[in-house]
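Numbering of ligands and ligand atoms starts at 1, following listing order. Numbering of residues begins at 1 and proceeds along the displayed sequence.
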Amino acid sequence: MDITTLQHQLADLPLGKVAYFSVVGSTNSEAIRRIEDGAPHLSLVVADEQTSGRGRRDRIWYTPPRVALSFSLVMRPERIGALSAPRLTGLGALAVCDVLQADYGLPANIKWPNDVLIDGSKLAGVLVEAQWQGDKIQSTVLGIGINVARESVPSQGELDFPATSVETVFGGPVDRWKLLKEVLVALLARLPQLDQDEFIQAWEANLAYQQDLVQLIQEGAEPITGQLLGLDRDGFLKLRLLSGEEKLYQSGDLKLRLVDRS
Ligand code: BT5
């Protein structure tokens, strides 16, 4: 891929500036740098390889060359509404789900808050990062990483959750750049709904482990066990605890795991 071809392929989408790197540290970091330089709403940074791709809490996100998709979109709060910012993680995950379901016939779902799964294995992750000035969000970056070819899947020893790729589950070749455009189209189609209840309903309808017993795990704290009931209006996770009490949880650094009752 090169920038001219990419710009040409994406020319009919209402994006800001489009940048392409054959290798970059992190597309999120690059997008944040571009915001500081005044990059407009929906500017896009795409990389063929990331050397310091990251997940939440600076966990590593592996993006080897030529086999995965990694990209970040600039989201200006004045264009999406600052209150919608917490929903951006859902937007990214939902867009990937929409495409895998509709265009590839795959049973994708979302492990709250930010992972896309197929048959219980993760093939995409979303990382939303916000830039603050005082107590005001200046801008947000929505980053998405998708394992496309089989070679993009890190060895299991490097992971704390099973992983797969689109090609593995699709069972045939997948054009990365076609997939990129499809995800961007799906994301842009969902964007106008971001502050509406329909958006939360769609996010919730695609959640993995609905009604199942799950655990929320946070480093240094006792795991929280409960039945997964759904989402509230802010995208917080609703659990019914073993005591019967219903409680809401904000994503933060929580890891969600299914409780194995076998
Ligand atoms: C995520 O974090 O899943 C968010 C990943 C976001 C990556 C995109 S790529 C474009 C943009 N630029 C960036 O620098 N980041 C974003 P989290 O839920 O914290 O999961 C991280 C965990 O996923 C790691 O600790 C690994 O166990 C696992 N992991 C790392 N690389 C993986 C991969 N390629 N496939 C599946 N799992 C992976």
Quiz item: Should you measure from each heavy atom of D160, which atoms of ligand 1 turn up under 4.0 Å away?
Solution: 27 (O)
Quiz prompt | Check ion pair R150-E167 (N to O, under 4.0 angstrom) | solution = no
Quiz item: So which bit of P154 gets within less than 4.0 Å of ligand 1, heavy atoms only: side chain, backbone, both or neither?
Solution: side chain
Self-check item: Exceeds 12 heavy-atom contacts within 6.0 angstrom, atom CD of Q196
Solution: yes
Quiz item: Do we get K247 above F236's six-membered ring, with its NZ or CZ under 6.0 Å from the centre and within 45° of the axis?
Solution: no
Quiz prompt | E30, K111, Q50: member with heavy atom nearest to atom 12 (N) of ligand 1 | solution = Q50
Quiz prompt | Under-4.0 Å heavy-atom contact with ligand 1, by part of V126 that carries it | solution = backbone
Self-check item: Per-atom contacts, ligand 1 versus A163 - under 4.0 Å to a heavy atom
Solution: 36 (C)
Quiz item: In terms of heavy-atom contacts, does CD1 of I60 have more than 12 from other residues, nucleotides or ligands at under 6.0 Å?
Solution: no
Self-check item: Residue E219 excluded, over 12 heavy atoms near CD under 6.0 Å
Solution: no
Quiz item: Counting distance only, does the side-chain N/O of R87 pair as donor-acceptor with the main-chain N or O of F199 below 3.5 Å?
Solution: no
Quiz item: Is there a donor-acceptor pair under 3.5 Å between the side chain of Q9 and the backbone N or O of T4?
Solution: no
Quiz item: Less than 3.5 Å between some nitrogen or oxygen of T63 and one of ligand 1, yes or no?
Solution: no
Self-check item: Heavy-atom nearest option to atom 1 (C) of ligand 1, drawn from L127, N114, D58, V116
Solution: N114
Quiz item: Counting each atom of ligand 1 from 1 as listed, which ones have a heavy atom of T27 under 4.0 Å away?
Solution: 10 (C), 11 (C), 12 (N)
Self-check item: Numbered atoms of ligand 1 (with element) below 4.0 Å of G53, judged on heavy atoms
Solution: 14 (O)
Quiz prompt | Atoms in ligand 1 with a heavy atom of N28 nearer than 4.0 Å | solution = 11 (C), 12 (N)
Exercise. Take M1 and D48 through the side chain to side chain contact (heavy atoms under 4.5 Å, CB included) test and state the conclusion after the steps.
Key: CA-CA 8 Å; M1 182 49 70; D48 188 51; over 6 Å; no
Self-check item: Distance from atom 24 (C) of ligand 1 to nearest protein heavy atom, with residue and atom
Solution: I60 O, 3.3 Å
Quiz item: When only distance counts, is R59 in polar contact with ligand 1, meaning an N/O pair under 3.5 Å?
Solution: yes
Quiz item: Which of the atoms of ligand 1 are close to D115, meaning less than 4.0 Å from one of its heavy atoms?
Solution: 3 (O), 18 (O)
Practice problem: Please write down residue, atom name and distance for the protein heavy atom closest to atom 26 (C) of ligand 1. | Solution: L159 CD2, 3.7 Å
Quiz item: Taking heavy atoms and a distance under 4.0 Å, where does N147 meet ligand 1: side chain, backbone, both or neither?
Solution: side chain
Quiz item: Of the options V214, T225, L229, which is the one that meets L239 in a side-chain contact (heavy atoms from CB on, under 4.5 Å)?
Solution: V214
Quiz prompt | Q156, CD: over 12 other non-hydrogen atoms inside 6.0 angstrom | solution = yes
Quiz item: For atom 22 (C) of ligand 1, which candidate among R56, R54, K122 holds the nearest heavy atom?
Solution: K122
Quiz item: To which protein heavy atom is atom 31 (N) of ligand 1 closest, and what is the distance rounded to 0.1 Å?
Solution: Y62 N, 3.0 Å
Self-check item: Side chain, backbone, both or neither: A68 near ligand 1, heavy atoms under 4.0 Å
Solution: neither
Quiz item: Just heavy atoms, cut-off under 4.0 Å: does F71 contact ligand 1 by side chain, backbone, both, or neither?
Solution: backbone
Quiz item: If you draw a 6.0 Å radius around CZ in R59, do more than 12 non-hydrogen atoms from other residues or ligands fall strictly inside?
Solution: yes
Exercise. For ligand 1, indicate whether the residue L123 contacts it via side chain, backbone, both or neither (heavy-atom separation under 4.0 Å).
Key: neither
Practice problem: Evaluate the side-chain proximity of W112 to L231: yes if any heavy-atom separation is below 4.5 Å, no if none is. | Solution: yes
Self-check item: Check: Q215 and L256 side chains under 4.5 Å, non-hydrogen atoms
Solution: no
Practice problem: Output the list of atoms in ligand 1 that are nearer than 4.0 Å to some heavy atom of S72, sorted by atom number. | Solution: 11 (C)
